[in-house]
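As structure tokens, the structure follows; a few thoughts come after it.
Count residues from 1 along the sequence. All figures in this text were calculated on a predicted structure; none of them were measured in a lab. Computed over heavy atoms, backbone and side chain alike; hydrogens, waters and symmetry mates excluded.
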Amino acid sequence: MVENTNNTSGGGNTGLAFIVGGIVVVLAIVAYFVFARGGAPETKDVNVDISLPEVSAPAAPAAN
């Protein structure tokens with residue numbers, strides 16, 4: 001009788017399947033938050049006016 005020495009059970013691919021499955025789940029969660037909230041957050045128009053009073057330098061001392 002001939003023995004089957006080929007390992008065709010695919011047991012070595014189980015770890016890879018869990019990794020790929022985890023990546024798919026993470027991508028699905030990220031896609032949900034991106035598309036459910038309408039994509040990027042709203043941009044707000046921020047107008048900042050920085051007006052400082054003019055400061056004059058003190059007078060230079062007189063040279064002798």
Side-chain angles (χ1 to χ4, degrees):
M1 198 170 210
V2 177
E3 293 183 25
N4 187 2
T5 58
N6 293 335
N7 186 4
T8 58
S9 65
N13 292 332
T14 305
L16 182 63
F18 277 114
I19 291 171
V20 171
I23 291 172
V24 169
V25 169
V26 168
L27 288 177
I29 292 170
V30 169
Y32 171 77
F33 281 108
V34 168
F35 293 120
R37 300 179 71 195
E42 295 180 19
T43 57
K44 296 180 180 177
D45 185 21
V46 178
N47 187 6
V48 178
D49 183 24
I50 302 175
S51 299
L52 299 175
E54 186 175 332
V55 178
S56 60
N64 287 337

Connected to Ile19, directly or through other members, by ILVMFWY side-chain contacts below 4.5 Å are Ile23, Leu27

Set of residues satisfying side-chain contact (heavy atoms from CB on, under 4.5 Å) with respect to Ile29, sequence neighbours excluded
Val25, Phe33

In the hydrophobic cluster built from side-chain contacts under 4.5 Å, what are the other members alongside Val46?
Val48, Ile50, Leu52

